[in-house]
Amino acid sequence: MGAIRDFFFPATNPAKSSDVEAALTPVQIQDAVYNILQGSTTVTRKLAMSVPAVARARNIICGTIGSLPLEQYNKISGAHIDSTRGINQPDPRVPGALIYTWLSEDIWFYGVGYGQVLELYADTDGGKIRAWTRVSPDRVTVDTNADNTEIVGYAIDGKRVPNFGVGSIIRFDGFDEGFLHRAGKTVNAAVYLENAAVNYAKEPVPSLILKSTGTNLPAERISSLLSAWRTARQSRSTAFLNADVDVKEFGFDPKSLQLTEARQYVALELARAAGIPAYFLNAETTSMTYSNTTNERRSLVDFSLRPIMTAIEKRLSMPDFIAQTSEVRFDLDDFLRGNPLERAQVYQILNTIGAMSVEQIQVAEDLIR
């Protein structure tokens, strides 16, 4: 009877109310690049990180995002909600800051970041994510439909992973194709200039040569002549040569080669491509004698961090992580707080108008717990 009943009334799987098919999305530009070039880019991460300007930009942008705390709030009331472990410490084996630093790098470098579900909550409707870990984009391959317009699945290290539940992919889409795709030529130019500087340091071109105008001199005589020339130049700037020896300029010095200027220009271009104010990379000179730390950090947030932060915040706010009435945001209060004098002035104003009490000010300043 059971088989007959199942034939006429086939069982249906309950709808997933909180599990999100976030991996099965329309193909973005970076996925088309991955499919066509099989994951390759114009430059590799290793090559890009060998450039000091790129390494500094990466550490400032991604390291700062990774160090910021993530908080959960009610969308309607704005009230703070205790975040789940899947938000604060996604992978129980490592600190959460490590996961978000490398995830930020993936989004910044490649335009997309990936996570993999490790564990689900068993007592929540639909099974929200309890633990997950970051997966390097070079380990992930994308399967698309025949028109290459929709993602139908993923594989990690060549092995197909499920679309739902434990082992499935969590996708974090960036807002562009990624630094390695858009700045490959500039990174290569920086590498060539670094190599040129290294080669010059290893085998410097002599700026002067002493030429014998007469017969060939023996090696001992040449060595003695060069030593005498060097010693004389250390004690006096005027030189005297007899008729048998002539001096000529030869080659170019580093200033003539303009290696310093060229490297400075490329560093400025890399700052533009990285989306970071150039002075964070020391890529431009300025006559500014005083700078406000808070304003500098706000510029960093507005021009560099915000796109990556938003990509992470919006993905963590989807219903496979938290309830639809909640949202996840990075807490910038401590990062953007002013110096003690500025904070004291703000607190005085807020206290005067009744917006903050003395006790609230003390809590904000970690004076009491």
Side-chain angles (χ1 to χ4, degrees), residues 28-65 101-113 136-138 173-207 250-288 296 299-308 311:
Q28 309 297 333
I29 182 172
Q30 63 268 16
D31 296 307
V33 172
Y34 274 119
N35 287 335
I36 296 173
L37 301 182
Q38 297 181 348
S40 64
T41 61
T42 54
V43 294
T44 63
R45 178 194 182 276
K46 182 178 180 180
L47 187 65
M49 288 295 287
S50 69
V51 179
V54 177
R56 179 168 173 80
R58 180 269 179 200
N59 291 335
I60 290 176
I61 294 174
C62 305
T64 300
I65 294 176
T101 297
W102 285 97
L103 178 63
S104 300
E105 181 195 292
D106 295 339
I107 298 173
W108 184 65
F109 265 150
Y110 302 101
V112 63
S136 179
D138 58 10
D173 279 302
F175 293 169
D176 61 19
E177 68 276 18
F179 178 81
L180 294 184
H181 293 288
R182 67 173 178 267
K185 292 183 179 180
T186 309
V187 172
N188 282 326
V191 172
Y192 295 148
L193 287 172
E194 290 292 326
N195 291 337
V198 171
N199 291 336
Y200 190 90
K202 291 172 62 177
E203 298 181 5
V205 178
S207 57
F250 180 79
F252 299 93
D253 57 18
K255 183 177 181 180
S256 299
L257 292 175
Q258 294 187 328
L259 285 177
T260 302
E261 291 79 0
R263 294 169 72 189
Q264 189 78 358
Y265 167 76
V266 171
L268 179 59
E269 292 299 297
L270 287 173
R272 291 170 176 165
I276 186 172
Y279 56 81
F280 277 98
L281 307 184
N282 297 325
E284 66 177 2
T285 57
T286 175
S287 60
M288 182 175 56
E296 285 186 359
S299 296
L300 181 65
V301 171
D302 292 341
F303 299 116
S304 306
L305 310 185
R306 183 65 67 187
I308 303 176

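Values below: every heavy atom of this structure, side chains too, minus hydrogens, waters and symmetry copies.
Between Phe179 and Phe109, the ring planes are tilted. Angles from 30° to 60° get that label.
Closest non-hydrogen pair, Pro137 versus Tyr110, comes out as CG-CD1, 3.7 Å. Closest non-hydrogen pair, Leu268 versus Ala278, comes out as CD1-CB, 3.6 Å. Among all heavy-atom pairs drawn from Arg182 and Asp176, the shortest one is NH1-OD2, 2.8 Å. The two residues Ala57 and Leu281 make their nearest non-hydrogen contact at N-CD2, 3.6 Å. Closest heavy-atom contact between Ala48 and Val54: O-CB, 3.2 Å. Across every non-hydrogen atom of Ile61 and Ala274, the tightest pair is CD1-O, 3.8 Å.
Inter-residue side-chain proximity for Ser104 and Ile107 is flagged as unmet; no heavy-atom pair is nearer than 4.5 Å. You'll find the side chain of Asn188 reaches within 4.5 Å of the side chain of Leu47, heavy atoms only.
A donor-acceptor contact shorter than 3.5 Å links the side chain of Arg56 to the backbone of Phe280. Checked by atom type and distance alone, the side chain of Trp108 never pairs as donor or acceptor with a backbone atom of Gly174 at under 3.5 Å.
Between Thr64 and the options Leu305, Asn59, Thr101, a side chain to side chain contact (heavy atoms under 4.5 Å, CB included) holds for only Leu305.
A distance of 9.0 Å separates CG in Asp106 from CZ in Arg45, rounded to the nearest 0.5 Å. In this structure, the separation between CD1 on Ile276 and CD1 on Ile60 is 4.0 Å, given to the nearest 0.5 Å.
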